[in-house]
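Reading through the C-alpha cells given below for one structure.
Remember, predicted model here, so these are calculated numbers, not experimental data.
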Amino acid sequence: MKNQKDMKLGIKIWVALLVVQFSVGQQTPGDKQDEAIYIEGATAHLGTGEVIENSLIMFQEGKLTFVGSAMTKIARRGRKIKGDGKHVYPGFIAPSTSLGLVEIDAVRASRDQDEIGEMIPHIRSLIAYNAESKVVESMRPNGILIGQITPQGGRISGTSSIVQFDAWNWEDAAVKTDDGIHLNWPSSYHRGKPNENYAEQIAEVKEFLKNALAYGKAASNELNPAFESLQGIFKGAQKLYLNASGEKEILDGVKVLKENGVKDIVLVGGYEAYKTIDFLKLNEVPVLLRHTHMLPHSDDEDYDLPYKLPGILVEAGLLVGLQNSETSNFQTRNLPFFAGQTVVHGLSKEQALQLITGNTAKILGIDESYGTLENGKSATLFISEGDALDMKGNRLIHAFIDGREISLETHQTELWKRYSEKYEGK
C-alpha cells in the first residue's frame with residue numbers, strides 16, 4: 001500500500017511539473033513560410049541608410065522578392081499586410097552576447113557561458129545554446145531576432161556562433177557556425193595601478209598563437225584541439241574578436257595579432273578607439289562598440305563621450321556596430337534603445353539603425369543574407385507601430401525570421417497583460 005501511495009504521489013507531482021512546464025514554456029517556433037506575403041504602405045527602413053515611404057515589401061519561401069515603392073506596378077501575390085502608418089525594419093542583430101548560455105545570473109547551475117581554463121579556443125558556445133531560454137524569447141518583442149552567442153571568461157574564451165531566435169534546438173537555430181574566436185586582451189592597469197604582469201601576459205598570448213600557427217604548418221598525427229580550432233583565423237575563414245578598451249591595449253592587441261598571422265580582426269569594446277582611428281583604418285579593423293548608457297571612464301573626458309563615440313567613429317569612416325555584452329544578459333533587449341540614444345549625439349536615425357542591422361551583419365560576415373531589406377536576402381524583418389529605436393514607438397505587431405511568422409508572446413507579455421487588467425478593473 002505504501003508503495004502504491006508513493007507511486008500515485010510521484011505521478012501527481014510529475015503531472016503537476018509537466019503542466020507548469022507547458023504553461024510557461026517557450027512559444028512554438030513558427031512554421032515554414034507556405035504562402036507569399038506582402039506588406040504595403042509602411043515606411044521601410046532598409047538598414048542601408050535608405051528609407052522608402054509608402055513601401056511595398058514582398059517575400060516568398062523565406063526570401064525577399066521585391067523591396068520598393070508601393071507605386072510600382074507589379075503583381076501582388078498571397079497574403080496582404082496593411083502597413084499604413086507602420087514601420088518595417090530588418091531584424092536587429094545582437095553581437096557578442098551570452099544569450100541562451102545564461103538563464104539566471106544568480107543561479108550557478110543555469111550559467112554555461114564560461115569553462116575552466118585560460119586558453120580554450122576549442123570550446124564551442126553553440127552546443128551549449130538553449131533555444132528554449134525565456135531570456136532569448138524576451139528579445140523578440142523588441143525586434144532582436146538574431147544574435148552572436150559568445151563564450152565569456154579566460155584569456156581565449158572559445159568559439160562563437162550566430163543563431164536566429166526562433167528554433168526548437170541549437171541545430172535549427174544556427175545561422176553561421178563557429179564564426180570566430182574571442183580573445184580578452186590583458187589590461188595594462190589592474191585595480192588602478194600599472195599591471196606588473198602585462199608584458200608576461202602578452203608573451204603568453206604570443207607563444208600560444210605562434211605554436212598554433214606552427215601546428216597548422218606541420219604534418220602532425222597527434223591532434224591538438226586548441227591549436228586545431230585556431231587554424232581558421234590564420235586562413236581567414238574565421239574572425240578573431242579582440243576584446244580591448246584602452247588605447248594601449250588596442251594598439252598592442254592588433255599589432256601582436258597581425259604579426260602572428262591573424263587575418264581578420266574585429267575590435268570589441270573599443271572605448272578609446274577614437275584615439276586610434278587612423279591605426280584601425282590602416283589595418284581595416286571594424287569596431288563593435290560597447291553600449292552608450294554609461295559614465296565616462298575618466299574625469300578629463302567629455303561627459304557625453306559614451307553617447308557620441310559611435311558618431312565620431314562613423315564620421316571617421318570606420319565600420320561600427322553596437323553591442324552590450326558587459327551588461328546583464330537580459331539587458332540585450334535594450335540594444336535598439338542604446339542605438340537610438342546616438343541620434344542626438346551625431347548620428348542620423350538611419351545611421352543609428354545601421355549600428356544594429358547592416359553594419360553588424362557586415363562585421364559578423366552574414367550580410368549576404370541578413371541585416372538589410374534587399375531583394376534576394378532573407379525575409380527576417382518586423383513591423384512596428386512606431387519608431388523601433390524609441391521605447392515609446394517600439395511596439396511590434398508582426399515579426400518574421402526567414403519568412404516564418406513568429407510569436408511575439410513571452411512570459412513577460414503574459415504578465416504584462418495579467419497585471420494591466422488588474423488596474424483596468426477587469
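- When all heavy atoms of Lys258 and Asn283 are compared, the pair lying nearest together is NZ-O, 3.8 Å.
- When only modelled atom types and interatomic distance are considered, Arg333 and Ser138 share a side-chain donor-acceptor pair under 3.5 Å.
- Annotation: side chain to side chain contact (heavy atoms under 4.5 Å, CB included) contacts of Asn195 (sequence neighbours excluded): His190, Asn197, Tyr198, Gln201.
- Each ring pair (Phe, Tyr, Trp, His ring centres under 6.0 Å) pair with one or both residues in residues 380-399, not counting sequence neighbours, appears once here: Tyr89-Phe382, Phe92-Phe382.
- The neighbour count for Arg395 CZ, taken as heavy atoms of other residues, nucleotides or ligands under 6.0 Å away, does not exceed 12.
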### Query
How far apart are the C-alpha atoms of Ile397 and Glu385, what are their side-chain angles, what is the distance that settles it, and do they pass the side chain to side chain contact (heavy atoms under 4.5 Å, CB included) test?
CA-CA 7 Å; Ile397 55 175; Glu385 291 186 353; 3.6 Å; yes

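- Judged purely by atom type and a 3.5 angstrom limit, Ser384 uses its side chain to pair as donor or acceptor with the backbone of Gly393.
- Between Lys362 and Asp367, no side-chain nitrogen of the basic residue sits less than 4.0 Å from a carboxylate oxygen of the acidic one, so the salt-bridge criterion is not met.
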### Task
Please report the C-alpha distance between Ile277 and Leu280 in whole Å, then the side-chain angles of each, then the deciding distance to 0.1 Å, and finally whether the side chain to side chain contact (heavy atoms under 4.5 Å, CB included) criterion is met.
CA-CA 5 Å; Ile277 288 175; Leu280 293 174; 5.8 Å; no

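- Salt bridge status for Lys417 with Glu409: present, with a side-chain N to carboxylate O gap under 4.0 Å.
- Distance check, rounded to the nearest 0.5 Å: OG of Ser378 to CZ of Phe59 gives 10.0 Å.
- For the ring-ring contact (aromatic ring centres under 6.0 Å, His included) with His345, the qualifying choice from Phe338, Tyr307, Tyr303 is Tyr307, the only one to do so.
- Here the side chain of Thr410 pairs a donor or acceptor atom with the backbone of Thr413 at under 3.5 angstrom.
- Across Leu335 and Leu322, no two heavy atoms sit closer than the pair CD1-O, 3.9 Å.
- Within the structure, side-chain hydrogen bond (donor to acceptor under 3.5 Å, both in side chains) contacts touching residues 46-73 (residues at least two apart or in different chains) are Thr43-Glu53.
- Atom CG of Asp31 sits in a sparse spot, with 12 or fewer heavy atoms from other residues, nucleotides or ligands closer than 6.0 Å.
- Within 6.0 Å of the CZ atom in Arg79, the count of heavy atoms belonging to other residues, nucleotides or ligands exceeds 12.
- A donor-acceptor contact shorter than 3.5 Å is absent between the side chain of Glu137 and the backbone of Leu408.
- For the pair Gln351 (side chain) and Ser348 (backbone), a donor-acceptor distance under 3.5 Å is present.
- Between Arg155 and Glu204, the closest side-chain pair of non-hydrogen atoms is not below 4.5 Å.
- Under a 3.5 Å cut-off, the side chain of Arg140 and the backbone N or O of Phe165 do form a donor-acceptor pair.
- A donor-acceptor pair shorter than 3.5 Å cannot be found between the side chains of Gln323 and Thr97.
- Considering only residues two or more places apart in sequence or on other chains, His297 meets the ring pair (Phe, Tyr, Trp, His ring centres under 6.0 Å) condition with Tyr271.
- Residue pairs meeting the ring pair (Phe, Tyr, Trp, His ring centres under 6.0 Å) criterion with at least one partner in residues 119-153, sequence neighbours excluded, are absent.
- Residues Trp185 and Leu242 approach most closely at CB-CD1, 3.7 Å, considering heavy atoms.
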### Message
Using side chain to side chain contact (heavy atoms under 4.5 Å, CB included), reason through Leu396 and Ile383 one step at a time and then give a plain yes or no.
### Response
CA-CA 6 Å; Leu396 273 63; Ile383 306 173; over 6 Å; no

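- Side chains of Ser157 and Gln152: a donor-acceptor N/O pair is absent below 3.5 angstrom, by distance only.
- Applying the 6.0 Å contact sphere to CD of Glu196 captures no more than 12 heavy atoms from other residues, nucleotides or ligands.
- In this structure a side-chain-to-backbone donor-acceptor pair under 3.5 Å is present from Asn130 to Glu132.
- Taking the side chain as every heavy atom from C-beta outward, Ile120 and Ile156 never approach each other to under 4.5 Å.
- The two residues Ala352 and Thr342 make their nearest non-hydrogen contact at CB-OG1, 3.5 Å.
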### Query
Could you walk me through whether Lys275 and Glu272 pass the side chain to side chain contact (heavy atoms under 4.5 Å, CB included) check?
CA-CA 6 Å; Lys275 297 180 180 180; Glu272 292 189 349; 3.5 Å; yes

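- Looking at Leu347 and Leu355, their side chains come closer than 4.5 Å, going by heavy atoms from C-beta outward.
- Applying the ring pair (Phe, Tyr, Trp, His ring centres under 6.0 Å) test to pairs two or more places apart or on separate chains, those with a residue in residues 232-257 are His182-Tyr241.
- The ring pair (Phe, Tyr, Trp, His ring centres under 6.0 Å) check on Phe208 picks up Phe227, with sequence neighbours excluded.
- Around the NZ atom of Lys263, the shell of radius 6.0 Å holds no more than 12 heavy atoms that belong to other residues, nucleotides or ligands.
- Applying the salt bridge (Lys or Arg N to Asp or Glu O under 4.0 Å) test to residues at least two apart or on different chains, the pairs with a partner in residues 335-354 are Lys349-Asp387.
- Side chain of Asn394 to main chain of Asp390: no donor-acceptor pair is present (N/O by atom type, distance under 3.5 Å, no hydrogens or angles).
- Side-chain contact between Leu99 and Val136: present, with at least one pair of heavy atoms (C-beta onward) separated by less than 4.5 Å.
- Judged by distance alone, the side chains of Asp179 and Gln148 do bring a donor and an acceptor atom under 3.5 Å apart.
- The side-chain hydrogen bond (donor to acceptor under 3.5 Å, both in side chains) search around Ser187 returns none, not counting sequence neighbours.
- A donor-acceptor distance shorter than 3.5 angstrom exists from the side chain of Asn324 to the backbone of Gln331, with no hydrogens or angles considered.
- Of the inter-residue distances, the one linking Leu305 atom CG with Thr292 atom OG1 reads 11.5 Å to the nearest 0.5 angstrom.
- When the salt bridge (Lys or Arg N to Asp or Glu O under 4.0 Å) test is applied to Glu374, the partners found at least two apart in sequence or on another chain are Lys377.
- Within the 4.5 Å cutoff, side-chain heavy atoms of Thr177 are placed close to those of Arg124.
- Annotation: Glu171, atom CD; neighbour count of heavy atoms from other residues, nucleotides and ligands within 6.0 Å is above 12.
- A salt bridge does not link Glu40 to Lys82: none of the charged nitrogens lies less than 4.0 Å from a carboxylate oxygen.
- Counting all heavy atoms, side chain and backbone alike, Leu56 lies closest to Arg76 at CD2-CZ, 3.6 Å.
- Judged as a salt bridge (Lys or Arg N to Asp or Glu O under 4.0 Å), and not counting sequence neighbours, the contacts of Asp302 are Lys308.
- Although no hydrogens or angles enter the test, the distance criterion places a donor-acceptor pair under 3.5 Å between the side chain of Ser125 and the main chain of Ile149.
- Here the two rings, on Phe66 and Tyr38, have centers that are 6.0 Å apart or farther.
- Judged by distance alone, the side chain of Arg404 and the main-chain N or O of Gly30 form a donor-acceptor pair under 3.5 Å.
- The two residues Ala273 and Leu313 have their closest heavy-atom pair at CB-CD1, 3.9 Å.
- Residues meeting the salt bridge (Lys or Arg N to Asp or Glu O under 4.0 Å) test with Asp402, sequence neighbours left out: none.
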